[in-house]
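All remarks here apply to the structure that follows.
Note: hydrogens, waters and symmetry copies are ignored here, and every other heavy atom, side chains too, is used. By convention in this document, chain letters (A, B, ...) are assigned in the order of the sequence lines, proteins followed by strands, and residues within each chain are numbered from 1.
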Amino acid sequence: MAMSRSFVLGQHYPGVSVIHRAGALAKLTATIILMVAVFVATRTPQYLPLALVLGAGILLSGIPLRFFVRGLKPIVFLIVLTVVVQMFFTPGTTLWSWWFLRITREGVVLALFILCRLVLLTLTSVLLTASTSPIELTDAIADFLKPLSRVGIPSAEIALVMSIAMRFVPTILEETERIVRAQVSRGAKIGEGSLVARMKGFIPILIPLFVSSFRRADDLAVAMEARGFRVGSERTRYHERHFGSIDVCVLVASGIALAGVMLWRLFL
Amino acid sequence: MTLRLDRVSYQVETSAGAVEVLHDVDLELAEGSISAIVGPNGSGKSTLARLASGLLRGSSGSVALVDGSGVQTSRDVRPGLDVGLVFQNPDNQLVATTVEDDIAFGLENLCLPHDEMVQRVDDALDLLGLRNFCDYPPHRLSGGQKQKVAIAGVLVMKPAFLVLDEATSLLDPSNRRDVMDTVLQLNRELGIGVLMVTHLLEEVMVASRVGVLADGRMVGWDTPQSVFSQQSVVEQGGLVLPLSGRASLLMQGRWPEFPLCLTAEEFTRAACQLN
Ligand SMILES: Nc1ncnc2c1ncn2[C@@H]1O[C@H](COP(=O)(O)OP(=O)(O)OP(=O)(O)O)[C@@H](O)[C@H]1O
Ligand SMILES: [Mg+2]
């Protein structure tokens, strides 16, 4: 499962820090507030209060900085691309030019701003997912969506579906590996040859995978029913949510970051 | 509490018309007893297991709990609460991302108060020896451990009966032993009634009653001893006698009074008494 390990975004990094102990709902709300703050800012210096709060969060979480750096990896390409485009194609006062390339002062400023924006967004979400277990996160998302159940959106079911999906991802990955090995041992050529040949190579993997997944789904439905599950009926939660002082701190800190950004934008 | 199936039939509609999967099946599971169901593939064992656990409703007949005074409860059997079902594939019955959460799943459906849930999950973790794995994700468990989690998940709902539909058939021998020991322990300590659908002789032998299904009909319902001594039932049910049983039949060719022995110990004892 090298595939899932190299992808830090969305990965849980277990720990016992204050950030880990804070409630998932508070962290999710704080994350959304911080993201709003990211988009409210209009110039790079305005990010200072936000960066301070986020930096404090990262330090308090006790999660190694390496982990966050790895979290940035998947978006390196995106960052480089936007920075280059902004730098070279923003009109303004020329700083440096060669042949048809021209870097403008405005371009550099804008590129820096977008760089900060992307990095802050990523770090915020990495901090959330790294410090919160998936199950807590799905519960928090369900809580967050709860008001929507009044207008007919099945928030509890959405959360359940998400957690079942998380439960089965590793199982299905293992199964895929098993099928690939079985097909290769029978002489199937997978991942070789032209694009068309490669796509064809996937068919003997996908078909058994689909068949077994449908059987799984069928079994699972019976198993859930056998344990008293009824779609749409009331359920309680094993994981109790309590709103503690840590949660208040988390929310206040994110509120300060947002307020800081807004005040800076208005008055400085 | 006794679980009683009274002349239960079950029909399914197929493109070729209605097919009767089960026909007039009677079954009586006494409180705290161990019973087994055997039969060839497609004889309707899983259908019977689902009917007995209240997941399917028969097209005729009744499935009900009968209390000590012989009064039949009027309500349907409630899945999980009255009868817990565990089936074959350990990978397909765990719902949650950790062992602990999975065990709690049924309790969440019951809308139990939080303290009670924690208490019951705690007890189940200890009882089944899963304490050290409580925060493991299911895919990091062995097949036997997964089946134990599945058992724990129905056990916390405190059913009077546990139905195991070939629950050990995908496990290796040591895991199978382990799961069976657990089931027997639950039967002993909690007095939970057990119905095992199985094709393993060693599992049949621990049952006090064995039902033989053939083509949707219950062709035998008796102690393992007498089921195996009825030639026609053995044939209809596609049963294979244990080695000592087959040897006993050979012995009966010479000594007609030789008993049918189902274990090696019995056989040795009987053979020693020959003179
Ligand atoms: N919903 C259904 N639709 C069509 N046929 C069904 C349905 N349910 C059961 N059957 C048929 O009923 C018969 C008995 O099925 P069942 O799964 O109960 O058998 P089984 O004894 O458990 O078999 P196995 O040993 O393979 O597990 C089979 O022939 C099956 O095809
Ligand atoms: Mg079956």
inquiry  = Please report the interatomic distance CD(A/Glu234) to CG(B/Asn109), rounded to the nearest 0.5 Å.
reply    = 11.0 Å
message = Please classify the contact between B/Met117 and chain A as side chain, backbone, both or neither, with a heavy-atom cut-off of under 4.5 Å.
response = both
task = Indicate yes or no: at least one non-hydrogen side-chain atom of B/Val95 is less than 4.5 angstrom from one of A/Arg227.
result = yes
key: Contacting region of B/Pro137 [heavy-atom separation from chain A under 4.5 Å]   = neither
remark   = Looking only at B/Val86, B/Asp91, B/Thr98, most heavy-atom pairs under 4.5 Å shared with chain A are made by B/Asp91
query = Which one of B/Gly80, B/Pro79, B/Gly84 has the most heavy-atom pairs closer than 4.5 Å to chain A?
reply = B/Pro79
task = Report, as yes or no, whether the 6.0 Å neighbourhood of atom CZ on B/Arg57 holds more than 12 heavy atoms from other residues, nucleotides or ligands.
result = no
inquiry  = I need the single residue from B/Glu108, B/Glu100, B/His114 that forms a side chain to side chain donor-acceptor pair (under 3.5 Å) with A/Tyr238. Which is it?
reply    = B/Glu100
remark   = Residues B/Phe87 and A/Asp219: closest non-hydrogen pair is CZ-O, 3.4 Å
query = If you measure from CZ on A/Arg235 to CG on B/Leu107, what distance do you get to the nearest 0.5 Å?
reply = 10.0 Å
Side chain proximity check, B/Asp101 to A/His239, heavy atoms < 4.5 angstrom = yes
Heavy atoms from other residues, nucleotides or ligands near CZ of A/Phe243 exceed 12 (cutoff 6.0 Å) = yes
Residue part contacting chain A, namely of B/Val121, when any heavy atom lies under 4.5 Å = side chain
B/Leu94 backbone acceptor or donor facing A/Arg167 side chain under 3.5 Å = yes
inquiry  = Tell me which of these, B/Val118, B/Val156, B/Asp102, has more heavy-atom pairs under 4.5 Å with chain A than the rest.
reply    = B/Asp102
query = Would A/Val222 and B/Arg50 count as a side chain to side chain contact (heavy atoms under 4.5 Å, CB included) if you check the C-alpha gap in whole Å, the side-chain angles of each, and the deciding distance to 0.1 Å?
reply = CA-CA 9 Å; A/Val222 178; B/Arg50 288 185 189 189; 3.7 Å; yes
Non-hydrogen atoms of B/Asn92 and A/Ala223 that approach each other most closely = O-CB, 4.3 Å
ask   = What distance separates B/Thr97 OG1 from A/His12 NE2, expressed to the nearest 0.5 Å?
value = 10.5 Å
message = Is it the case that the side chain of A/Ser163 and the backbone of B/Ala96 share a donor-acceptor pair, with hydrogens and angles ignored and the cut-off at 3.5 Å?
response = no
note = Ranking A/Met166, A/Arg215, A/Arg230, A/Glu225 by heavy-atom pairs under 4.5 Å to chain B gives rank one to A/Glu225
